[in-house]
Amino acid sequence: MNYQNYSSIFTTPVEKIGIRIVDDTLTNINWLPDNVPILDSNSSFSNKIQSLILQYLEDGRPLPDIPMTLTGTAFQLKVWNALKNIKMGHVITYGDLASKLQTSSRAIGQACRTNPVVIFVPCHRVVSASGIGGYMGKQNRINIKTWLLEHEKVNA
DNA sequence: GATACAGGCTTGT
DNA sequence: ACAAGCCTGTATC
């Protein structure tokens, strides 16, 4: 988990985003603090990913399936895969997803937290049964989650 | 509201 | 192998 070697770092309507590409597959997308310097895209593939993300965040265009290389435990891959099936503007609770995967709600949160590819794996569409839930383990990141949900609600 | 405990999984010792 | 910590849920006061 080092914060160098991004393929591209750019500004979005929400916050800065850094993406990492390996062998023309997407491996990481991260929200970055505002003081991180911009990094120009260094390949046509990362160019394409960058514009897909911007189209989604600016115009609400749904994200297509693109080549990704996700590294994680079998359980995490199962959860992330289930999340990709949630449609735009639709949400599910940790508990619902847990019973669907025959596990516990807390394990779902744990898997969502380590999601390496935000937005493409829509961990923000999983909410708590009694509220919005958390986002990336930090309270100050919840505004991103609510922003995305509002954004999708308008565009659904 | 708060507080306690159950619960599956990851990560660090 | 053990313990602690999680983007939780339910029960209970």
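Order of the sequence lines sets the chain letters (A, B, ...), proteins ahead of strands, with each chain counted from 1.
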For [X] and [N], give me the distance from atom [atom1] to atom [atom2], rounded to whole Å.
{"X": "A:Leu101", "N": "C:dT8", "atom1": "CG", "atom2": "P", "value": "17 Å"}
{"X": "A:Lys100", "N": "B:dG8", "atom1": "NZ", "atom2": "C1'", "value": "18 Å"}
{"X": "A:Arg106", "N": "C:dT10", "atom1": "CZ", "atom2": "P", "value": "14 Å"}
{"X": "A:Trp80", "N": "B:dT10", "atom1": "CH2", "atom2": "P", "value": "10 Å"}
{"X": "A:Tyr135", "N": "C:dC6", "atom1": "OH", "atom2": "P", "value": "18 Å"}
{"X": "A:Gln110", "N": "B:dT11", "atom1": "CD", "atom2": "P", "value": "7 Å"}
{"X": "A:Leu97", "N": "C:dC6", "atom1": "CG", "atom2": "P", "value": "21 Å"}

- Kindly work out whether a path of hydrophobic side-chain contacts (I/L/V/M/F/W/Y, heavy atoms less than 4.5 Å apart) joins A:Val22 to A:Leu52.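 In one cluster: no.
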- Out of B:dA6, C:dG9, B:dT10, which nucleotide sits closest to the side chain of A:Phe75?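 Shortest atom-to-atom distance from the side chain points to B:dT10.
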- Task: With the side chain of A:Ser128 defined as its heavy atoms from C-beta on, choose the nearest nucleotide among B:dC9, B:dT10, C:dG9.
- Result: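 Of the candidates, C:dG9 comes closest.
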- Would A:Arg61 count as a cation-pi partner of A:Tyr56, with NZ or CZ less than 6.0 Å from the six-membered ring centre and within 45° of the ring normal?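 Geometry flag: not set, cation outside 6.0 Å or 45°.
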- Message: So A:Thr73, base contact, sugar-phosphate only, or nothing? Heavy-atom distance under 4.0 Å.
- Response: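 Sugar-phosphate only.
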- Query: Under 4.0 angstrom, heavy atoms only, what part of the nucleic acid is A:Gly133 near: base, sugar-phosphate, or nothing?
  - Reply: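 Touches nothing.
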- Query: With both distances under 3.5 angstrom, what nucleotide forms a Watson-Crick or G-U wobble pair with B:dG7?
  - Reply: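 The base-pairing partner of B:dG7, which may sit in any strand shown, does not exist here.
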- Query: Does A:Asp40 CG have over 12 foreign heavy atoms under 6.0 Å away?
  - Reply: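 Counting other residues, nucleotides and ligands, CG of A:Asp40 stays at 12 neighbours or fewer.
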- Option passing side chain to side chain contact (heavy atoms under 4.5 Å, CB included) with A:Ile19 (candidates A:Thr27, A:Leu39, A:Ile29):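 Testing each of A:Thr27, A:Leu39, A:Ile29 against A:Ile19, the sole residue satisfying side chain to side chain contact (heavy atoms under 4.5 Å, CB included) is A:Ile29.
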- Item | Most 5' of A:Gln102 and A:Thr114 on DNA chain B, judged by nearest nucleotide |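 Nearest nucleotide further toward 5': that of A:Gln102.
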